[in-house]
Number of protein chains: 2
Amino acid sequence: MLVVAGTVLAEEGADASMRDIARRAGMGLATLLRHFPTRDALLEALLRTSFDELTARADALGDTGSPRDGLLLWLREFVAFTTEHYGVVTSTVKAIEEPGSALHDSCVALHAAGAQLLARAQAAGEAPVDVDGADLFALVSAFAWLGDQTRQEQRAERLFGLVTSAILSR
Amino acid sequence: MLVVAGTVLAEEGADASMRDIARRAGMGLATLLRHFPTRDALLEALLRTSFDELTARADALGDTGSPRDGLLLWLREFVAFTTEHYGVVTSTVKAIEEPGSALHDSCVALHAAGAQLLARAQAAGEAPVDVDGADLFALVSAFAWLGDQTRQEQRAERLFGLVTSAILSR
DNA sequence: ACCTGAACACCGTTCAAGT
DNA sequence: ACCTGAACACCGTTCAAGT
């Protein structure tokens, strides 16, 4: 069932019709909505695994290697992940500001994981101190949004690389 | 009538209900849709004046002063304008890639105006040559989107300033 | 010519009725 | 307990009928 939902979301984007998802999962709309009362709840169930992996990845990168390279690599993976899931970035950014959202906790965890990598790089003098974790999350989200727009994927990747390296090496 | 539409769009955002707009304008939905067959057509009618002003502003800034400062100032005004009109940035980015859209011509004109300012700064050695007009439009759009997200307005402004100055002074 | 109510096919929310 | 058809209030599209 979650598999079907994942397929539909991948095909139609994060704003696919809940009715359509239920239909293709072979259940009534009301049943789907009883399991996942809101779209965010469904997204959370679908993204939880990837979120946890990204958080663990941040921890791993924080234990070894260059702080600067670790941060850059993680940011790149974060953008790639978000771009893979068309349309979710708006939900994640909104969820950060909405404690009631089903996605809130996961997004805060991701935020914290990124902030820790940033703090390590800052402590090593390899990242500027005038940006914080929230800035990082916002920057990554903005480029993830750009990558979601038609024909902007490669441009978003290139510009993100250009911007991060420009900011880091001031 | 356009005034009412502008009010509703300002209140509800660019994805306000066309039915609601017609209702508040005191006309039938079908009548509104006959004048503006698509949402983009309505947006175009509402934004045309501002678009023309921004284009003229680019021309004016291109005739005088420092190329670099002119470019930066125009970019700032562009972001401010887009942020003022909640939700339009997605439409403008989409319109650039869709020649059939009612917004296409206006967006291409804006794109060209920005590209000209960039070219002047590049010719003066005051802007990097590894970004082009499309990159500029994409960057500005990404930060305009960020500014549209709840509680991210000031962050978007600050980050945009930080990013542009970091890129320009590499 | 210009307008528009109404039918249509969609959407998410809610709940009474079914197992 | 768990499910779901159906009613509800919305949406944009389309068109026959009204001035």
Side-chain angles (χ1 to χ4, degrees), chain A residues 1-47 85-95 97-104 106-107 148-150, chain B residues 1-47 85-95 97-104 148-150:
Chain A
M1 196 255 97
L2 269 180
V3 180
V4 178
T7 307
V8 179
L9 270 289
E11 285 175 16
E12 317 267 348
D15 57 347
S17 154
M18 295 292 274
R19 230 186 191 94
D20 195 32
I21 295 171
R23 209 149 33 205
R24 289 178 55 177
M27 62 173 58
L29 168 62
T31 308
L32 177 67
L33 291 174
R34 196 168 47 79
H35 286 296
F36 308 103
T38 176
R39 184 180 301 276
D40 279 2
L42 178 58
L43 286 180
E44 199 272 340
L46 282 167
L47 302 177
H85 298 268
Y86 177 69
V88 300
V89 70
T90 309
S91 301
T92 56
V93 171
K94 203 176 295 179
E97 302 290 336
E98 287 178 353
S101 162
L103 273 169
H104 180 73
S106 307
C107 292
D148 270 1
Q149 305 309 114
T150 42
Chain B
M1 195 255 97
L2 269 179
V3 180
V4 178
T7 307
V8 179
L9 269 290
E11 284 175 16
E12 316 267 347
D15 56 347
S17 155
M18 295 292 274
R19 229 186 191 94
D20 196 31
I21 295 171
R23 208 146 34 204
R24 290 178 54 178
M27 63 174 57
L29 169 60
T31 309
L32 177 67
L33 292 175
R34 195 168 46 79
H35 286 295
F36 308 103
T38 177
R39 185 180 300 275
D40 279 2
L42 179 58
L43 286 180
E44 201 272 341
L46 282 167
L47 302 177
H85 298 268
Y86 177 69
V88 300
V89 70
T90 308
S91 301
T92 56
V93 171
K94 202 175 294 177
E97 301 291 336
E98 287 177 353
S101 162
L103 272 170
H104 180 73
D148 270 0
Q149 305 309 113
T150 41

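Chain naming here is simple, since letters A, B, ... match the order of the sequence lines and numbering starts at 1 in each.
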Measure CE/Met18(A) against C1'/dT4(D) and give the value in whole Å, please. 15 Å
Any chance you could measure Thr92(B), atom OG1, to Leu47(B), atom CG, to the nearest 0.5 Å? 9.0 Å
Kindly determine whether Ser101(B) and Lys94(B) satisfy side chain to side chain contact (heavy atoms under 4.5 Å, CB included), including the steps that lead there. CA-CA 9 Å; Ser101(B) 162; Lys94(B) 202 175 294 177; over 6 Å; no
Looking at dG18(D), which nucleotide sits across from it as a Watson-Crick or G-U wobble partner, both distances under 3.5 angstrom, or is there none? dC2(C)
Under 3.5 Å, side chain of Asp40(B) to main-chain N/O of Ala102(B), donor-acceptor pair present? no
For a 4.5 angstrom cut-off between non-hydrogen side-chain atoms, does Leu9(B) reach Val88(B)? no
Look at Arg19(B) and dC10(D) and indicate whether a side-chain polar atom (N or O) is within less than 4.0 Å of OP1 or OP2. no
How long is the line joining CG of Asp15(A) and C1' of dC11(D), in whole Å? 14 Å
Tell me the interatomic distance from Glu12(B), atom CD, to dC10(D), atom C1', rounded to whole angstroms. 14 Å
For the P atoms, the ones on dT14(D) and on dA1(C), what distance do you get once it is rounded to whole angstrom? 23 Å
Nearest-nucleotide check on DNA chain C, Ala30(B) vs Leu33(A); residue mapping nearer the 5' end is Ala30(B)
When rounded to whole Å, the CG to P distance for the pair Leu32(A) and dC2(D) reads 16 Å
Report the distance from atom CG of Leu29(B) to atom P of dA6(C), rounded to the nearest whole Å. 14 Å
I need the NE2-C1' distance between His35(A) and dA1(D), as an integer number of Å. 12 Å
At under 4.0 Å between heavy atoms, what does Ser17(A) touch on the DNA or RNA strands: base, sugar-phosphate, or nothing? sugar-phosphate
Could you check how far CG of Leu42(B) sits from C1' of dC11(D), rounded to whole Å? 16 Å
Give me the atom names and distance for the closest heavy-atom approach of Leu42(A) to Ala5(A). CD1-CB, 4.1 Å
N or O in side chain of Arg23(B) less than 4.0 angstrom from dC11(D) OP1/OP2: yes
For atom CE of Met27(B) and atom P of dG18(D), their distance in whole Å: 22 Å
If we call it a pair only when both distances are under 3.5 Å in a Watson-Crick or G-U wobble match, what pairs with dG12(D)? dC8(C)
